[in-house]
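Predicted model only: the values in this text are computed from it and were never measured. Note that ligands are numbered from 1 as they come in the structure, with each ligand's atoms numbered from 1 the same way.
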Amino acid sequence: MNASPRSVAVGGERPYSIHIGPGLLGDAGLLTAALRGRHVLLVSDDTVAPLYLQGVRETLQAARPQLKIGQHLIPAGEASKTLHNFGGAIDALAALGATRDACVLALGGGVVGDLAGFAAACWMRGVDCVQLPTTLLAMVDSSVGGKTAVDIPQGKNLVGAFHPPRAVIADTGVLRSLPARELRAGLAEVVKYGCIRDPLFFQWLQAERAALLAGDDAALAQAIARSCEHKAEIVERDPLEKGERALLNLGHTFGHAIETAQGYGAPGNDNLNHGEAVAVGMVLAARLSAALGMADAADTESLRTLLQAYGLPTAIPAGLTPETLLQHMRLDKKNIAGRLRLVLWRGIGKAEVVPDVDEAAVLDVLRGG
Ligand code: NAD
Ligand code: GLY
């Protein structure tokens, strides 16, 4: 299979396209197609910006000399997805004099995408956002579907808005500079799609492990496109997570609790990043499903084996108590009326939302590590 550009359509009230392919950040036509006005704010982080921001800026300026382009950079890492840095993006939009036809371009991973998207959702009650994801995780998940947010010390993504992008442009060429650990983190979210609704994709991921870990262009493009097709199908039917979209959170209630309890990952600390936390969370969800009699323990083992083959963690990191994790899980956005509502499964490819999960059963699983 070649790695030529392809696109996935996301339907619904505000349809848009996800463009996937090498070199797309240099495609002036694609980059400017979604721009309606004169103001563009480029949001990025201090790892991605030195690699790619100037090129994007020059491409835009050459194609549209009249554009006023501002930029807002945040330090790399989850610890930057804060109200403070959100405020900085808002200040940058104000300094630019951005009007309602402005566009925020989110150039980076999920941290930049979520924060920039939230700034776009809030500035003048909503301006356009184009996602330019630069991590595998952002290409397969966070850039699509319009969830935007920042973290607060009490929990992940607790402040945010639904604000779909006008376009997603995933330049797969930039994955060449992505650290191996971040590639693996993205693969955790790719595995998630197999777990929730696509057993054949799960098998494909078992077979293609070596190619994907080696960064093979064609295998990565296939994984990204398949993941985006799954996400597009779900979010166009349920953009505001009234129902099936919750399935995309398999492993996330556990994972977010781990991230919150650790105080969020950043370059230079050993805390789990989002994808790693989701990997552990999916195993915990599978174990809980087995403990509740919903699924076979053999499925947990298949998942654990696959995640380990991708070099991902599958057990709760040392130093986190089950009680603390449970406390963080109680603040999850899926919960209703103070009851734990979790995404569990009936086996590979068969996830479902389970309301009112018994906390004692959750604690047992958390104690088992
Ligand atoms: P990230 O944005 O922190 O990026 C990971 C690291 O890779 C950072 O240090 C970044 O600077 C670096 N990086 C990014 N692109 C690079 C490149 N091409 N070359 C070299 N380095 C590069 O993390 P992430 O894993 O992309 O995203 C995680 C975030 O996404 C979390 O905050 C999570 O909550 C969020 N998320 C949101 C959704 C959603 O639907 N909105 C879905 C999944 C995850
Ligand atoms: N990543 C979960 C969602 O977009 O709903």
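- The shortest N or O to N or O distance between T135 and ligand 1 is under 3.5 Å.
- For ligand 1, one of its N or O atoms has an N or O atom of V174 under 3.5 Å away.
- Contact annotation: S80 has no heavy atom less than 4.0 Å from any atom of ligand 1.
- Within a 6.0 Å radius of CZ in R339, no more than 12 heavy atoms belonging to other residues, nucleotides or ligands are found.
- Remark: side-chain polar atoms of D141 are not paired, donor with acceptor, to backbone N or O of E189 under 3.5 angstrom.
- Residue A185 does not touch ligand 1, judged by heavy-atom distances below 4.0 Å.
- Ligand 1 has no N or O atom lying under 3.5 Å from any N or O atom of Y52, backbone or side chain.
- Under 4.0 angstrom from ligand 1, the non-hydrogen atoms of T134 come from both its backbone and its side chain.
- Atom 1 (P) of ligand 1 has its nearest heavy-atom neighbour, among L178, L136, V111, L183, in V111.
- Side chain of D46 to backbone of A76: a donor-acceptor contact under 3.5 angstrom is found.
- Between the side chain of D45 and the backbone N or O of I74 there is no donor-acceptor pair closer than 3.5 Å.
- For a threshold of 3.5 Å applied to N or O pairs, the pair formed by H252 and ligand 1 contains no separation below that value.
- If you check the side chains of S302 and T305, you find no donor sitting under 3.5 Å from an acceptor.
- Nearest residue to atom 41 (N) of ligand 1 from K147, R176, K81 is K147 (criterion: closest heavy atom).
- With distances taken over non-hydrogen atoms, the option nearest atom 6 (C) of ligand 1 out of E78, E182, E259 is E182.
- At least one heavy atom of K231 sits less than 4.0 Å from an atom of ligand 1.
- At least one donor-acceptor pair under 3.5 Å links the side chain of Q131 to the backbone N or O of G113.
- When the options L137, T135, L212, L220 are evaluated for a side chain to side chain contact (heavy atoms under 4.5 Å, CB included) with L183, the one that passes is L220.
- Counting heavy atoms under 4.0 Å from ligand 1, residue D46 does not touch it at all.
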What are the atom names and distances for all N or O pairs under 3.5 Å between ligand 2 and the protein?
{"unit_1": "ligand 2", "atom_1": "1 (N)", "unit_2": "D141", "atom_2": "OD1", "d": "3.1"}
{"unit_1": "ligand 2", "atom_1": "1 (N)", "unit_2": "D141", "atom_2": "OD2", "d": "3.4"}
{"unit_1": "ligand 2", "atom_1": "4 (O)", "unit_2": "K231", "atom_2": "NZ", "d": "2.5"}
{"unit_1": "ligand 2", "atom_1": "4 (O)", "unit_2": "R245", "atom_2": "NH2", "d": "2.8"}
{"unit_1": "ligand 2", "atom_1": "5 (O)", "unit_2": "K147", "atom_2": "NZ", "d": "2.8"}
{"unit_1": "ligand 2", "atom_1": "5 (O)", "unit_2": "R245", "atom_2": "NE", "d": "2.8"}
{"unit_1": "ligand 2", "atom_1": "5 (O)", "unit_2": "R245", "atom_2": "NH2", "d": "3.4"}

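- Residue contacts with ligand 1, taken as heavy atom pairs separated by less than 4.0 Å, involve N157 solely via side-chain atoms from C-beta onward.
- Judged by distance alone, with hydrogens and angles left aside, the side-chain atoms of H252 form no donor-acceptor pair with the main-chain N or O of A246 at under 3.5 Å.
- Contacts of H274 with ligand 1, taken as heavy-atom pairs under 4.0 Å, involve the side chain alone.
- Using a non-hydrogen distance threshold of 4.0 Å, H256 does not register as a contact of ligand 1.
- Look at N273 and you'll find every heavy atom at least 4.0 Å from all atoms of ligand 1.
- At under 3.5 Å, not a single nitrogen or oxygen of L51, backbone or side chain, sits near a nitrogen or oxygen of ligand 1.
- Although no hydrogens or angles enter the test, the distance criterion places a donor-acceptor pair under 3.5 Å between the side chain of N335 and the main chain of R330.
- In the hydrophobic cluster analysis, where Ile, Leu, Val, Met, Phe, Trp and Tyr join through side-chain heavy atoms closer than 4.5 angstrom, L340 is grouped together with L325.
- Residue-to-ligand polar distances keep T148 apart from ligand 1: every N/O pair is separated by 3.5 Å or more.
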